[in-house]
Protein chains: 2
Amino acid sequence: MSHDPASGQNHLLAALPDPVRERLLPHLEQVALPLGKVIYEPGDRLTHVYFPTDAIVSLLYVMENGASAEICVVGNEGLVGIAVFMGGESTSNRAVVQSAGLAWRLPGQRLKDEFDRHGELLLLMLRYTQSLITQMAQTAVCNRHHSIDQQLCRWLLLSLDRLTGNELNMTQELIANMLGVRREGVTDAAGKLQRLGVIEYSRGHIKVLDRPQLERLSCECYAVVRSETQRLLPYLPLRT
Amino acid sequence: MSHDPASGQNHLLAALPDPVRERLLPHLEQVALPLGKVIYEPGDRLTHVYFPTDAIVSLLYVMENGASAEICVVGNEGLVGIAVFMGGESTSNRAVVQSAGLAWRLPGQRLKDEFDRHGELLLLMLRYTQSLITQMAQTAVCNRHHSIDQQLCRWLLLSLDRLTGNELNMTQELIANMLGVRREGVTDAAGKLQRLGVIEYSRGHIKVLDRPQLERLSCECYAVVRSETQRLLPYLPLRT
DNA sequence: AGGCGTCTGTTCGCTAGCGAACACAGTGGG
DNA sequence: CCCACTGTGTTCGCTAGCGAACAGACGCCT
């Protein structure tokens, strides 16, 4: 389990026993995921799964009227395309690149082949899926009960956990789409955080200055997802 | 795949190939699930899974301050306790009986044993899990964007699909807990539906008079979940 | 029959978030 | 170097939903 950043690390891949990973390796192809790229649309038959290394992908649902809401986030701790092995082949969500970067791409069939060997890969994928489920459930709760202020904190922390460094490139407009709220609401919330000295904001560039404070201002949802993910996937490095 | 109602039908069990079901049968025990019974609490190590026949179980998250929100619903189309085979053994949700009835109970270990044979059961469970995921994702969206009126319609339809007949026993207080809103909000919404002649309400007893109208008044979320479930689990009978 | 507890309906003021509109400031391309 | 565009800040009125408090109504139990 090397932590060489240059090699592009995905922790799910890294957690596989060597023989399994070596079987997959020849079929892994590194691809660039530019900001805004749609990896799949609702109903698309998935041909590949993606293991992000330094990219972040959001799964979001787009309503008939065009409004959207993020369901969950995937970074180097996971993979995009669980429908491939869950059996549905497609989902009702859209997967969009939220932060540009690289990912390992694997043909769905290769994953299924390995899946059918019923080894460590299956167990790992299922556990990962359960952690995704936790994230979705918590998103539902958060959408119901928490203020935009709190949700912004949660969202920043989720993103931060999937990046190196303490900066993220993300306009308020984009964040608003993810959270499913108005851009003005995000401007408000971000303004408050900036005045508190928790973040520094400037034209699509956010620097987090005080992570502990951010965690305090966030709703409980972040901590729930984090600790549950940690429980399910203990091999994941934990940022603080 | 008998449809004898007296025998207590769970469609997930019914969809299993005969040999698989016959292996499970000796370990299935019919249990009564009274209204309000808590099947498991967050963090509980699950010992059994439950296949409801005429009971309905809600998975809901209870926040630190006691407020709650429903994550998804399970009736005779599914099972309670996916964490058993997903590998986490527990979840961060609570499972509560929303409508009293019977269920088949199976020791978790028996399910895992069968799971490890990597046959039809595994595939079916994964597909069912994906349909649950769809429901959760849609709940998140719905919580963000739709009015209590619309959500009540969605919720009534989800419950109706899991019951026989067109009546449900459910106080407004209870519904409010599920939706994560105030009881007064539900009173309002239910009052409107009653004035429209869509439902008849009286002290915890609801009769649905005009299902098509209910579907029209509901947000798109119900239809999305329904059609996706149908796609993933085509053996399920479809109510109209 | 009486009484009590549960369920439903209604009120009031309040706030968060919405929709629309507009002003201003960086920034990058011609 | 200037212009156009993109990103951010701010305003106004409006509505949905909240919190609290209370009134009636039904039904069960004694």
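Bear in mind the structure is a predicted one, so any value in this text is a computation, not a measurement. Chain letters run A, B, ... following the sequence lines, proteins first, then strands; residues in each count from 1.
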Asker: Between C:dT8 atom P and B:N177 atom CG, what is the distance in whole Å?
Answerer: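 Atom CG in B:N177 sits about 13 Å away from atom P in C:dT8.
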
Asker: Under 4.0 Å, heavy atoms only, any strand: does B:T187 hit a base, just the sugar-phosphate, or nothing?
Answerer: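 The answer is base, as B:T187 lies within the cut-off (heavy atoms under 4.0 Å) of a base atom.
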
Asker: Does B:Q150 use its side chain to pair, donor to acceptor, with the backbone of B:S147 at less than 3.5 Å?
Answerer: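 A pair under 3.5 Å: yes.
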
Asker: Taking the nucleotide of DNA chain C with the closest heavy atom to each, which residue, A:E184 or A:S202, is nearer the 5' end?
Answerer: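 Final value for this comparison: A:E184.
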
Asker: Could you tell me the separation between the CD atom of A:Q172 and the P atom of C:dC24, rounded to a whole number of Å?
Answerer: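 Between P of C:dC24 and CD of A:Q172: 19 Å.
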
Asker: Look at A:Q194 and D:dT8 and indicate whether a side-chain polar atom (N or O) is within less than 4.0 Å of OP1 or OP2.
Answerer: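 Negative; the distance criterion is not met.
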
Asker: For DNA chain D, which residues in residues 55-65 of chain B have a heavy atom at a distance below 4.0 Å?
Answerer: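 Contacting residues: none.
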
Asker: What is the distance from NZ of A:K192 to C1' of C:dG17, rounded to the nearest Å?
Answerer: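 The distance from NZ of A:K192 to C1' of C:dG17 comes to 11 Å, rounded to the nearest Å.
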
Asker: Please give, in whole Å, the distance from C:dT15 C1' to A:H146 NE2?
Answerer: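 Checked: the NE2 to C1' distance equals 17 Å.
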
Asker: Give the rounded distance in Å between these two atoms: CD of B:E200 and C1' of D:dC26.
Answerer: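 It works out to 15 Å between those atoms.
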
Asker: Please pick, from C:dC18, D:dG27, D:dG7, the nucleotide with the shortest atom-to-atom distance to any side-chain atom of A:R203.
Answerer: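 Minimum distance to the A:R203 side chain belongs to D:dG7.
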
Asker: Quick one: are A:S159 and A:M170 in side-chain contact, heavy atoms under 4.5 Å?
Answerer: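 SC-SC contact between A:S159 and A:M170 ruled out.
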
Asker: Heavy atoms only, 4.0 Å cut-off, all strands: where does A:G204 land among base, sugar-phosphate and nothing?
Answerer: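 Since only primed, P, OP1 and OP2 atoms lie under 4.0 Å of A:G204, the category is sugar-phosphate.
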
Asker: With distance as the sole test, does A:N166 use its side chain to make a donor-acceptor pair with the main-chain N or O of A:V208 at under 3.5 Å?
Answerer: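 Flag set: sc A:N166 to bb A:V208 pair under 3.5 Å.
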
Asker: With distance as the sole criterion, do the side chain of A:R183 and the base of D:dG9 form a donor-acceptor contact below 3.5 Å?
Answerer: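 By the distance-only test, yes, there is a pair.
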
Asker: Counting only N and O atoms by type, is there a donor-acceptor contact under 3.5 Å from the side chain of B:N10 to the main-chain atoms of B:P52?
Answerer: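 Yes; at least one donor-acceptor contact below 3.5 Å.
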
Asker: Check whether any side-chain N or O of B:R182 sits under 4.0 Å from OP1 or OP2 of D:dC18, and answer yes or no.
Answerer: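 Answer yes for this pair, as a side-chain N or O of B:R182 is under 4.0 Å from OP1 or OP2.
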
Asker: Does the salt bridge (charged side-chain N to carboxylate O under 4.0 Å, His left out) test come out yes or no for B:D188 and B:R183, once each step is laid out?
Answerer: CA-CA 9 Å; B:D188 249 37; B:R183 198 263 312 158; over 6 Å; no

Asker: Could you tell me the separation between the OH atom of B:Y201 and the C1' atom of D:dA25, rounded to a whole number of Å?
Answerer: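 For the pair B:Y201 OH and D:dA25 C1', the rounded distance is 15 Å.
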
Asker: Could you tell me whether the side chain of A:T47 reaches within less than 4.5 Å of the side chain of A:Y40, counting heavy atoms only?
Answerer: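 In short, these two side chains do not touch, never coming nearer than 4.5 Å.
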
Asker: For the pair made of CG in A:N169 and C1' in C:dT27, what is the distance, rounded to whole Å?
Answerer: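 The answer, rounded to whole Å, is 15 Å.
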
Asker: In terms of the nearest nucleotide of DNA chain D, which residue is placed more toward the 5' end: A:R144 or A:A190?
Answerer: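 Here A:A190 is the residue nearer the 5' end.
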
Asker: Using the salt bridge (charged side-chain N to carboxylate O under 4.0 Å, His left out) rule, take B:D54 and B:R162 through it: C-alpha gap first, then chi angles, then the decisive distance, then the call.
Answerer: CA-CA 7 Å; B:D54 58 345; B:R162 289 163 175 78; over 6 Å; no

Asker: Looking at DNA chain D, which of residues 147-157 of chain B put a heavy atom within less than 4.0 Å of it?
Answerer: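 Nucleic-acid contacts, sorted: B:S147, B:I148.
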
Asker: In whole angstrom, what separates A:E173's CD from C:dG19's C1'?
Answerer: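 That distance rounds to 14 Å.
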
Asker: List the steps, then state whether salt bridge (charged side-chain N to carboxylate O under 4.0 Å, His left out) holds for A:R154 with A:D149.
Answerer: CA-CA 9 Å; A:R154 168 179 66 86; A:D149 294 18; over 6 Å; no

Asker: Looking at side-chain heavy atoms only, is the closest gap between A:K37 and A:P34 below 4.5 Å?
Answerer: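 Answer yes - side chains close enough.
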
Asker: Where the side chain of A:Q151 meets the backbone of A:H146, is there a donor-acceptor pair that is under 3.5 Å apart?
Answerer: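 Between the backbone of A:H146 and the side chain of A:Q151 there is a qualifying donor-acceptor contact (under 3.5 Å).
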
Asker: Looking at the side chain of A:T171, which of D:dT8, C:dT6, C:dT8 is the nearest nucleotide?
Answerer: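 Among D:dT8, C:dT6, C:dT8, the one nearest the side chain of A:T171 is D:dT8.
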
